[in-house]
Amino acid sequence: MPSMVQRYLDQIALTCVDADEGQVADYIPELGAVNPDQFGLALAMHRGSLYTVGDAHVPFTIQSVSKPLTYALALSLRGFDAVDAKLGVEPSGEAFNEISVDPATHRPKNPMINAGAIVAASLVCDPNDPAAGFARLLDCYSAFAGRSLVVDEAVYQSEKATGARNRAITYMLESLGILDVDPELAVDLYFRQCSVRVTAEDLAVIAATLAAGGNNPRTGREVCAPHIVRRVLSVMTTCGMYDGAGDWVSAVGLPAKSGVSGAVLAVLPGQLGIGVFSPRLDEHGNSVRGVTACRRLSSDLGLHMFNVVGEGRATVRSSYDIREVPSETPRDGRDEAILRARRDRVRVYDLQGPLTFTSMESVLQRLDSDSQRFDAAILNLGRVETADALSRGMLFGMHAQLENSGRLGLVVDPDRVLSREAGAWTLDAVRQGKLMAAVESARTHVYPSLSEAVSAAEDFLLAGPRLR
Ligand code: GLU
């Protein structure tokens with residue numbers, strides 16, 4: 001069932017790889033040498049399901065996507081007051097490597113520019129045992145990703161050998177009295193953190209962990225406290241996409257962070273995380289295809305954080321088979337005997353809350369894991385208040401997909417949630433011009449009451465497998 005989502009992501013990938021403008025970062029040879037055509041995309045849902053496309057398992061260095069993670073660690077270790085005393089939360093509007101601080105307080109404007117990121121790194125350093133300080137940082141990143149991450153030594157050595165500007169920033173911070181540790185220790189930790197190797201899949205899981213308030217949905221581990229995640233997401237929203245942040249928030253509407261390796265991490269709080277990797281960068285330093293993919297995902301799937309639809313939780317309220325709710329349709333003795341033996345093959349799912357991409361994805365996952373348990377599934381929308389266009393499309397797609405496997409999908413819509421607005425569509429149908437066909441075929445399977453849907457499902461059972 002979730003392959004509907006997979007197919008959609010495959011299509012996104014196809015449209016994104018058309019974009020071949022932009023330049024690969026080449027300030028160190030290791031970054032300049034990558035294959036510029038690579039494209040990996042991963043989507044991790046807050047309940048743990050994961051979808052990947054293309055080069056989603058190709059490793060690259062995390063670069064500036066490390067900044068929100070080190071900031072989270074600094075806040076966890078030092079507390080808000082100590083961190084805020086040295087580091088602001090205002091967008092700077094300047095390039096990431098600007099040698100800038102607030103003129104009055106001398107604090108770097110925010111932790112997403114290099115000056116702020118180096119201060120955050122200084123706050124997680126252990127001056128008595130630098131190796132242990134970095135090990136703690138790597139443990140934190142690994143917990144976010146749900147697997148053990150390592151440093152790309154060649155990139156680290158190059159960053160270190162060519163990092164004059166980052167050293168200049170660090171020594172300026174030292175001269176202003178912002179650093180409590182040896183400047184070389186702080187900048188070295190920063191070079192190492194930028195060189196941690198990840199994949200697009202890792203970025204998606206890290207993003208989903210932020211989306212789930214600090215709880216890694218793949219491992220179940222509590223990685224970071226929710227109030228810290230809230231602060232980190234706030235700063236990512238206003239400062240995450242270099243100096244393209246305002247345009248990003250308006251168009252895509254997801255807290256995000258990008259890095260010069262071509263990495264983009266984006267978060268829809270409460271719902272999902274996105275990771276993209278594609279090395280060519282636009283004039284702001286953001287991955288061209290990464291930005292394109294996120295724009296498409298946000299507009300197609302309705303992911304803008306200011307879409308006012310409520311959150312994507314608690315969708316399946318209860319599920320049972322129709323032995324508990326047989327229809328009142330009169331049946332003769334033979335049919336009743338067949339039904340008595342087979343009513344357990346029809347499952348009802350009572351849904352609740354607003355239907356969105358995220359909530360429908362979890363319904364599809366549920367149907368998929370229950371797939372051995374039913375021949376017909378009835379989705380009861382009795383407690384659903386709204387269904388956006390995309391979720392309606394996914395409902396209809398579910399019906400077609402069940403039909404392909406010889407089963408039946410029925411929808412009960414007593415309050416006519418599905419017909420409140422015109423224009424329901426399926427992910428695939430919309431692209432293949434099959435819009436109306438999808439809607440028409442779906443209409444025939446939408447019932448105004450549960451008892452009518454149960455009766456139709458019983459007819460389906462009576463028709464027997466041969467006729468299906
Ligand atoms: N290592 C890079 C630097 O600090 C990271 C830059 C980035 O990804 O924005 O210059």
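Whatever order the structure lists ligands and atoms in, that order sets their numbers, starting from 1.
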Does [X], backbone or side chain, put an N or O under 3.5 Å from an N or O of ligand 1?
{"X": "Lys67", "value": "no"}
{"X": "Gly259", "value": "no"}
{"X": "Asn114", "value": "yes"}

Separation of [Y] [atom2] from [X] [atom1] (nearest 0.5 Å):
{"X": "Arg221", "Y": "Asn215", "atom1": "CZ", "atom2": "CG", "value": "10.5 Å"}
{"X": "Cys294", "Y": "Arg289", "atom1": "SG", "atom2": "CZ", "value": "14.0 Å"}
{"X": "Gln157", "Y": "Ser195", "atom1": "CD", "atom2": "OG", "value": "9.0 Å"}

Leu149 backbone acceptor or donor facing Ser142 side chain under 3.5 Å: yes

Can a donor-acceptor pair be found, under 3.5 Å and without considering hydrogens, that links the side chain of Asp370 to the backbone of Arg373? no

min-distance protein heavy atom vs atom 1 (N) of ligand 1 -> Gln63 OE1, 2.7 Å

Shortest protein heavy-atom distance from atom 6 (C) of ligand 1, along with the residue and atom involved: Ser64 OG, 3.3 Å

Are any of the heavy atoms in Tyr27 under 4.0 Å away from ligand 1? yes

Closer than 4.0 Å to some heavy atom of [X] - which atoms of ligand 1 meet that?
{"X": "Asn166", "answer": "3 (C), 4 (O), 10 (O)"}
{"X": "Tyr190", "answer": "3 (C), 4 (O), 5 (C)"}
{"X": "Cys194", "answer": "1 (N)"}

Run the numbers on Phe60 and Phe277 for ring pair (Phe, Tyr, Trp, His ring centres under 6.0 Å), then give the verdict. CA-CA 8 Å; Phe60 51 89; Phe277 162 60; 4.2 Å; yes

Just let me know how Glu159 lines up against ligand 1, side chain, backbone, both or neither, with a heavy-atom cut-off below 4.0 Å. side chain

Verify side-chain hydrogen bond (donor to acceptor under 3.5 Å, both in side chains) between Tyr156 and Asp188, making sure each step is shown before the conclusion. CA-CA 9 Å; Tyr156 163 63; Asp188 186 66; 2.5 Å; yes

